[in-house]
Participant: 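Please find one structure pasted underneath; my questions will follow.
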Amino acid sequence: MLNFIARRILATVPVLAIVAVLVFLLLRLTPGDPAAILAGDAASADQIARIRISLGLDQPIIVQFGIWIGHLVTGDLGESFYYKIQVADLIAQRLEPTLSLATLTILFSVLVSVPLGVIAAWRFGGWFDRALMGFSVMGFSIPVFVLAYILIWIVSLKLGWLPVQGYKRVADGFWPYLQHLILPSITLSVIFIALIARVTRASVLESLGEDYIRTARAKGLRESQVLIRHALANAAVPIVTVIGIGIALLIGGVVVTESVYAIPGLGRLTVDAVLARDFPTIQGVILFFSLVYVGVNLLVDLSYVFLDPRIRY
Amino acid sequence: MSALADAKVSGSGPVLEVRGLTIALPLGSDRAEAVSGASFSVKRKEILCLVGESGSGKSVIAQAVMGLLPNTLPVTGGEIVLEGENVAHAGRERLRELRATRMSMIFQEPMTALNPVMTCGDQIDEVLREHTQLTPEHRRDRILAIVREVALPEPERIIASYPHQLSGGQRQRIMIAMALVLEPALLIADEPTTALDVTTQAQILALVQDLQQRHGMGVLFITHDFGVVAEVAHRVAVLRLGKLVELGEKNAVLKRPQHAYTKMLIGAVPSLQTHGRAAEGASEPVLRTVGLCKTYYDRGWFGRRREVHAAQDVSIEIRRGQTLGIVGESGSGKSTVARCIIRLIDPTAGEILLHGQDIAKMSAAELRPLRRKVQIVFQDPYRSLNPRRTVLEAIIEGPVNYGVRRDKAIERARQLMDLVRMDPASLNRYPHQFSGGQRQRICIARALAQEPELLIADEAVSALDVSVQAQVLDLLEDIRNRLNLAMLFITHDLRVAAQVCDYVAVMSQGRIVEHGPAAQVFGAPRHEYTRALFEAAPGRDFAFGSA
Amino acid sequence: MSASPSRASELETLSVEAAGLRVTESAWQRVRKNWSVRIGGAALALLLLIAVSAPWLGTVDPTLFDAASRDLVPGQRGEITTLDGEIIKHKFWFGSDSYGRDIYSRVMYGARVSLTVAVLAALLSLAFGIVCGLSAGYLRWLDGILMRFMDGLMAIPAILIAIALVAMWRGSLPTVIIAIAIPEIPRVTRLVRSLVLSIREEPYVEAAVALGTPTWKIMFGHILPNTIAPLVVQGTYICAAAILVEAILSFLGVGLPPDIPTWGNIMAEGRPQFNQYPHNIFIPGVFLAITVLAVNILGDGLRDTLDPKMAKRV
């Protein structure tokens with residue numbers, strides 16, 4: 001088991017290294033002087049020269065990469081020329097709204113979608129199954145921002161139940177905090193529910209076809225036990241896996257949702273940085289999101305140890 | 001629910017009585033009914049064997065009794081009477097109560113029939129928790145007792161284990177323990193030993209018989225294997241395409257079968273007696289291996305290295321016009337040897353001499369001109385042909401590779417279809433339009449199109465029903481004689497080996513433990529493993545193949 | 001065992017294994033009968049027709065604007081100035097935006113961008129993915145490096161790659177297509193590689209090796225044809241994703257330049273006035289959702305009919 005855990009952790013190193021290379025190359029492959037791009041449009045020749053020296057841009061590319069990696073491992077993501085502060089600090093400031101939104105979304109999605117998927121698999125081909133599959137294909141198809149505007153229009157503008165836009169910190173009180181998160185979370189959840197429900201249904205359906213389900217029924221167990229203890233328990237690995245993969249989808253959704261709902265999180269920061277061509281920030285945000293993705297998927301891999309004894313030994 | 005008390009109440013009469021059972025198939029199937037008017041009974045303390053080939057409906061009957069049939073296979077007629085109660089249309093809840101308490105079932109695949117993420121003990125415990133009100137301590141005692149009764153070593157360790165930590169035989173014992181923990185009156189065993197090696201099979205069969213005697217259960221034993229029937233049955237029912245064609249005492253059915261189908265089936269079972277054909281030793285060897293080894297290395301992350309010796313020091317010799325059989329249980333390395341010889345995998349050490357020329361270490365380019373001379377037929381007829389290519393394309397692929405003109409190759413393909421007793425007009429069909437036996441004939445034709453000198457049959461008849469198997473064996477025999485081929489026949493089935501082989505090599509754990517002329521090995525086995533293997537062969541006291 | 005003719009014929013007649021040919025539908029017949037394929041395909045055909053015949057559907061040049069016709073609601077009449085300076089009467093079926101451009105015309109022309117991006121991004125990522133996947137599956141020495149690279153690429157969320165690339169290159173049709181295709185390549189590569197690895201273990205491929213078939217012939221003659229069905233399905237899903245990502249890029253203002261009529265751009269333009277004129281967002285939004293829905297329904301139908309194994313997986 002320790003061997004497995006060690007192997008999984010080691011396996012993330014090359015992935016992170018390649019992410020670092022790709023992000024490094026992103027800037028170097030851009031037409032123009034990297035120092036000038038990094039400094040921003042309003043920079044003086046003096047500032048550009050300083051950046052050129054600090055990144056070693058007059059040196060061979062491999063040395064540049066070394067310097068860049070050196071900065072990275074010390075947590076130095078450079079300075080945002082637009083916000084004029086360290087990118088690492090900028091990310092830390094914007095973390096709370098995004099983290100809240102993502103956590104609430106995942107919790108809500110999992111709680112809703114797993115039971116739906118199990119029931120659909122159990123009643124395979126029935127009206128519930130078809131309705132869920134229909135919902136799921138629609139969930140995949142409706143663009144996040146269109147859904148966001150539909151919800152704003154109905155819930156906030158017509159019914160006036162919830163605030164249209166904006167964000168309140170937890171420190172400003174829990175209810176206002178939650179109030180501002182409900183619509184964005186629902187918006188973001190739809191595609192996630194579609195995805196997880198679909199995978200849950202498929203994996204439960206697959207385990208329902210296995211011989212041990214026939215055994216469980218031959219034992220005279222109740223249908224609920226057959227479903228949960230046997231079918232769902234064996235379907236856990238693909239379900240958890242898709243939650244991990246779905247993090248990429250979630251990050252994409254966060255970028256759009258935060259823009260529509262004017263939430264000052266990392267997603268909004270990404271768009272603002274791109275519009276301002278604030279390269280140090282773009283790089284930092286991409287690295288951060290990728291790190292989160294790799295980290296979550298590492299946790300997912302490690303959770304297999306608890307979900308499947310065949311991996312444990 | 002007092003299942004234990006119930007068990008003593010039920011009176012005399014058969015445990016199970018099936019009367020005129022009819023089960024419909026969905027529209028568009030190849031026949032209207034899966035089972036048509038089947039009637040039989042299972043008495044107390046009796047093992048009734050239900051025999052049939054694939055598609056005979058035997059498993060459907062088993063599942064109908066348990067009430068486990070899917071809605072697509074409804075019972076449309078007849079009665080299933082379990083201890084006086086008609087359960088053919090019993091409610092879900094009633095059926096659920098009866099399962100595991102009055103009737104239990106064990107299945108073919110012990111590998112997949114247990115839940116892989118639950119310990120064996122918990123899986124047995126589920127039965128007790130569902131059907132009794134015993135306290136946890138009592139349940140644990142019961143579990144340990146039943147695990148001991150099915151003769152599993154170290155019960156404490158076994159019940160804390162997950163299924164993947166046990167061997168196939170041990171898993172089947174857990175299944176049996178789970179089925180019998182509440183002492184049901186009826187045990188349905190659906191091909192319980194088919195997936196097991198012959199020695200394990202013998203142990204499980206003995207266990208089932210022993211438990212059946214001790215608990216006085218009725219057993220409905222479903223199998224396709226007449227050897228197993230001869231071993232365990234009291235009475236036999238023969239099923240063909242959903243219809244019961246013969247029912248009677250074991251000796252009567254096996255020795256004096258009445259129905260033509262039963263006669264054919266029993267006649268098709270290969271005899272354990274060797275064919276007795278004189279083996280000519282004079283012809284030149286086509287292929288020899290000298291000290292052939294195949295070792296797999298499993299590299300751990302922290303320098304640990306595991307070595308698996310799949311084949312060790314294998315030396316065999318195959319001559320023109322003769323068949324060498326390699327016999328062994330799963331994992332014995334017999335297929336590894338075949339795959340090395342045809343160079344699908346590279347041997348680790350040793351020589352493979354094709355007409356005296358060592359091909360063991362040849363590069364792909366050097367090997368190419370020689371590949372033609374050795375051809376292979378695999379086990380699985382459903383995966384041996386590319387689903388997107390016609391039969392014609394499959395057969396001419398080899399010759400065209402070696403520069404034969406397309407029209408010549410097509411001409412030859414027609415002749416080969418005749419040779420394997422198939423209609424040349426079906427050359428333009430796709431593989432999915434053929435049955436398993438037909439596909440295996442096509443594979444043989446494809447191999448023969450290369451005009452090989454050595455034909456390897458790697459479990460080539462193992463996936464086939466006994467009657468189809470007999471046809472394909474006949475065909476192989478015929479072809480070998482006509483074309484004077486050397487044949488390497490890999491099989492786990494001693495009966496098949498006895499019929500086709502001139503020489504036999506017995507493999508165990510990667511090594512050849514005994515080899516010699518078939519009559520000698522079968523007649524007077526010297527190695528203890530070989531003796532154990534023959535000892536375990538089911539139905540060895542019955543003379544099959546002479547009907 | 002002697003092969004006497006009487007015994008052989010007895011076996012043949014009594015054996016239960018049907019000797020006749022089985023009649024089964026071809027994959028193509030199954031596809032044509034499938035209702036998801038029919039509905040999704042029909043809807044897509046209609047959208048394709050709109051895209052191709054946009055100029056003849058009562059539209060005006062989608063870049064034209066007229067200060068006198070700003071912020072019209074759907075169905076209102078107004079006027080529009082052509083490039084020649086001529087002023088013509090025009091009915092604004094879907095209203096107009098804050099520059100006075102005809103939203104109906106922009107939506108019709110917008111179908112062109114969405115469908116072009118979808119098809120080209122899918123083809124591009126499939127082409128690269130197939131080459132990489134075949135290489136990884138067949139050349140063991142390349143496998144490790146290539147797949148680690150793909151893992152790295154997959155670790156960066158697709159939208160971020162697309163946004164970053166377009167931001168650097170500045171939006172134009174080719175850059176948007178490339179930026180959308182790149183993050184899809186690892187997924188195709190993985191699919192192809194896993195298919196290759198499983199198909200090359202199939203006995204029919206091993207039989208081909210034994211028949212002396214050269215490696216390249218095995219790759220293109222035996223393996224590739226058996227990967228087509230799952231790839232067609234995957235390609236359809238990439239189309240759907242590409243349409244969505246393109247719309248998101250435009251909507252966020254980092255995609256194609258704002259004067260090019262794309263559904264995302266129309267919505268981006270309508271954002272500030274959403275309270276008064278929600279149709280500026282809803283009308284292109286409905287077209288977008290229906291297009292993606294049609295592609296997804298088509299994809300599900302193809303998956304169920306062409307690739308039943310995958311249908312079981314998801």
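The chains referred to below are lettered A, B, ... by the order of the sequence lines, with proteins before strands, and numbering in each begins at 1.
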Participant: Between chain B and each of A:Arg217, A:Glu223, A:Arg214, count heavy-atom pairs under 4.5 Å; write down the option with the most.
Facilitator: A:Arg214

Participant: State the CG-CZ distance between B:Asp122 and A:Arg229, to the nearest 0.5 angstrom.
Facilitator: 6.5 Å

Participant: Calculate, to the nearest 0.5 Å, the distance between atoms NE2 and CD belonging to A:His230 and B:Glu126 respectively.
Facilitator: 3.0 Å

Participant: Quick check on A:Phe128: does its CZ atom have over 12 non-hydrogen neighbours (other residues, nucleotides or ligands) under 6.0 Å away?
Facilitator: yes

Participant: Within a radius of less than 6.0 Å around NE2 of B:His138, do more than 12 heavy atoms belonging to other residues, nucleotides or ligands occur?
Facilitator: no

Participant: Can you tell me how far the OG1 atom of A:Thr215 sits from the CE atom of B:Met178, to the nearest 0.5 Å?
Facilitator: 5.5 Å

Participant: State, with a plain yes or no, whether a side-chain heavy atom of A:Asn234 is found less than 4.5 Å away from one of B:Pro116.
Facilitator: yes

Participant: Pick from B:Arg92, B:Met175, B:Met103, B:Met118: which one has the most heavy-atom pairs with chain A under 4.5 Å?
Facilitator: B:Met118

Participant: In terms of heavy-atom proximity below 4.5 Å to chain A, should B:Gln123 be classed as side chain, backbone, both, or neither?
Facilitator: both

Participant: Has the side chain of B:His131 got a donor or acceptor atom that lies under 3.5 Å from a matching backbone atom of A:Lys219?
Facilitator: yes

Participant: For B:Thr112 and A:Asp211, indicate whether the former's side chain and the latter's backbone hold a donor-acceptor pair under 3.5 Å.
Facilitator: no

Participant: By a 4.5 Å heavy-atom criterion (distance strictly below it), what part of B:Leu68 contacts chain A: side chain, backbone, both, or neither?
Facilitator: side chain

